[in-house]
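For the numbers below, each heavy atom of this structure counts, side chains included, while hydrogens, waters and symmetry mates do not. Along the sequence shown, residues are numbered consecutively beginning with 1.
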Amino acid sequence: MRLGEMVIDVTPLRSASAYRLVFAAQTLTVLTTALTNVAINLHVYQVTGSSVQVGLVSLVFGIALLGGLLAGGVMADRVDRRRLILTTRAVVAVVLGGLAVNAAIPHPMLWFVYVAAILAGAINGLGGSALMAAIPSLVKPEHLTAAGALITVTSQFGAMVGPTVAGVIAAGPGVAACFAIDALGYVAAVLLMWRLPELRAGKPDEDHQHPFHAIAEGFRFLRHNAVVRGLLVIDLWAMLFAMPYALFPQMGTEVFGGGPSAVGLLYTAPAVGAFVGALVSGWTGRIRHSGRALIGSVLLWGLGVTAFGLSGELWLGLLFLAIAGVGDTTSEILRRALLQHHTPDHLQGRVSSLWLAQATTGPAVGNAEAGLAARLLGPAGGIVAGGIVCVLGVCLVAVTMPGLRRASLQGEPCHSPTSTA
């Protein structure tokens, strides 16, 4: 493979005008949302002085997001996805504007922050499912991997740059400015995506199907489709057993002896690796054996996390976390593309919502599991044990799920809900 083929493929930006609009909107909102992710925690702590309240607001947002994703998956398969995306983003802009006003008044109201977290979580969930389900309609099937990689690279860039910018703004103009900038970002995204074509999905005879029956149909599809089922299962091993982020504060202070600066580097290293991995992801759309590449990338994540727990030195630990980040972003790109390739259009919303729901709740459960493991084995021991379990689990999936192992992005995309690859 030539060096030029390793660089991220920008063909979707050149060939699909509708995708360019989505990419521009996503790039903008990823950066501005990073401001709110930091500002909301700072704001709640400033108002209450309690880390418990900070955690509760995050929990409330997560629960609302999960509910929104499940409901949004059904809606995205019944209504015009364009209208759903635009409406939800406009409403979120209003909610963010309310947070900005609340933060700017002399005595901010904590109850309003909780209400805003519920609204923002639920509405973002509704729109998130529709946006992911719309991507296969905007690009050619052979460009799905490249389209996902471009979205991923913007997400990782936001993860690297956003928190630092948020800290500077919060220390200067204040957290209200962070919320206001994010609101403007959502308004700009609505204006950008206003020119999208109608993105109607679903089958006419499904419009009156009971929502619970519609969700159940999504689960039935997962049960019968070997590729999509394997995508979710293999990701569970990584998220539940090799999620070390909750232990970074303890690792940075107790194991590496570096204090807050070392902790910050630990959180940054996987994002840097992921960003680099996305930049050199051009090969992911050209490789024939996509399923095997996916299995290898999840193995790289598990091995990187294991090596991080064994490193003992900060610089070496950062290197292994960056390597793990490369595996993580490669896995995300391939999983997203394979899921969209092997899911029929009338189920894209529901299947996307289940994938996003797992991606939302899985890391939270994994971090809780890591905390319990650290109490029994110590922080480094807990990370090593989790990494080993992840590697063994991925090997088990590779052996027992031949459909995933044989999965490919070559050929025509799925058109049947019972296709099993």
With side chains defined as the heavy atoms from C-beta onward, is the minimum distance between [X] and [Y] less than 4.5 Å?
X      : Y      : result
Asn102 : His43  : yes
Thr145 : Asp9   : no
Arg350 : Val74  : yes
Leu150 : Pro12  : yes
Glu369 : Leu240 : no
Asn124 : Val92  : yes
Gln53  : Leu56  : yes
Ile295 : Val397 : no

For [Y], does its backbone N or O pair with a side-chain atom of [X] as donor and acceptor, under 3.5 Å?
X      : Y      : answer
Thr330 : Gly327 : no
Asp328 : Trp301 : no
Tyr267 : Tyr245 : yes
Thr36  : Phe179 : no
His342 : Ser408 : yes
Gln348 : Ala134 : no
Gln358 : Leu232 : yes

Please report the interatomic distance [atom1]([X]) to [atom2]([Y]), rounded to the nearest 0.5 Å.
X      : Y      : atom1 : atom2 : result
Leu84  : Leu126 : CG    : CG    : 6.5 Å
Leu338 : Ser290 : CG    : OG    : 5.5 Å
Ile151 : Thr27  : CD1   : OG1   : 6.5 Å
Leu70  : Ser353 : CG    : OG    : 5.5 Å
Gln340 : Leu144 : CD    : CG    : 5.5 Å
Ile181 : Leu96  : CD1   : CG    : 11.5 Å

Show every salt bridge (Lys or Arg N to Asp or Glu O under 4.0 Å) that has at least one partner inside residues 232-256, sequence neighbours left out.
Asp235-Arg335
Run the side chain to side chain contact (heavy atoms under 4.5 Å, CB included) test on Val22 and Leu131 for me, step by step, so that the C-alpha distance in whole Å, both residues' side-chain angles and the decisive distance to 0.1 Å come before the verdict.
CA-CA 9 Å; Val22 171; Leu131 183 61; 3.8 Å; yes
Begin from the C-alpha positions of Trp355 and Val228 and carry the test side chain to side chain contact (heavy atoms under 4.5 Å, CB included) through to its verdict.
CA-CA 9 Å; Trp355 186 71; Val228 177; over 6 Å; no
Might you work through the side chain to side chain contact (heavy atoms under 4.5 Å, CB included) test for Thr329 and Phe275, ending with a clear yes or no?
CA-CA 8 Å; Thr329 198; Phe275 183 70; over 6 Å; no
Looking at every heavy atom in both [X] and [Y], which two are closest together, and how far apart are they?
X      : Y      : value
Leu314 : Leu265 : CD2-CD1, 4.5 Å
Leu28  : Ala188 : CD2-CB, 3.3 Å
Arg292 : Arg405 : CG-O, 3.4 Å
Leu247 : Gly371 : CD2-CA, 4.1 Å
Ala76  : Gly349 : CB-CA, 3.9 Å
Ala293 : Ile287 : CB-CD1, 3.9 Å

Given Thr29 and Arg89, is the side chain to side chain donor-acceptor pair (under 3.5 Å) satisfied, shown in steps?
CA-CA 10 Å; Thr29 52; Arg89 294 205 167 217; 3.3 Å; yes
For Met251 and Ile383, run side chain to side chain contact (heavy atoms under 4.5 Å, CB included): C-alpha distance rounded to whole Å, both residues' side-chain angles, the deciding distance at 0.1 Å, then the answer.
CA-CA 10 Å; Met251 288 289 292; Ile383 290 173; 3.8 Å; yes
With a cut-off of 6.0 Å (strictly less than), are more than 12 heavy atoms of other residues, nucleotides or ligands near CZ of Phe61?
yes
Aromatic plane relationship, Phe248 with Phe308 - under 30° parallel, 30 to 60° tilted, over 60° perpendicular
perpendicular
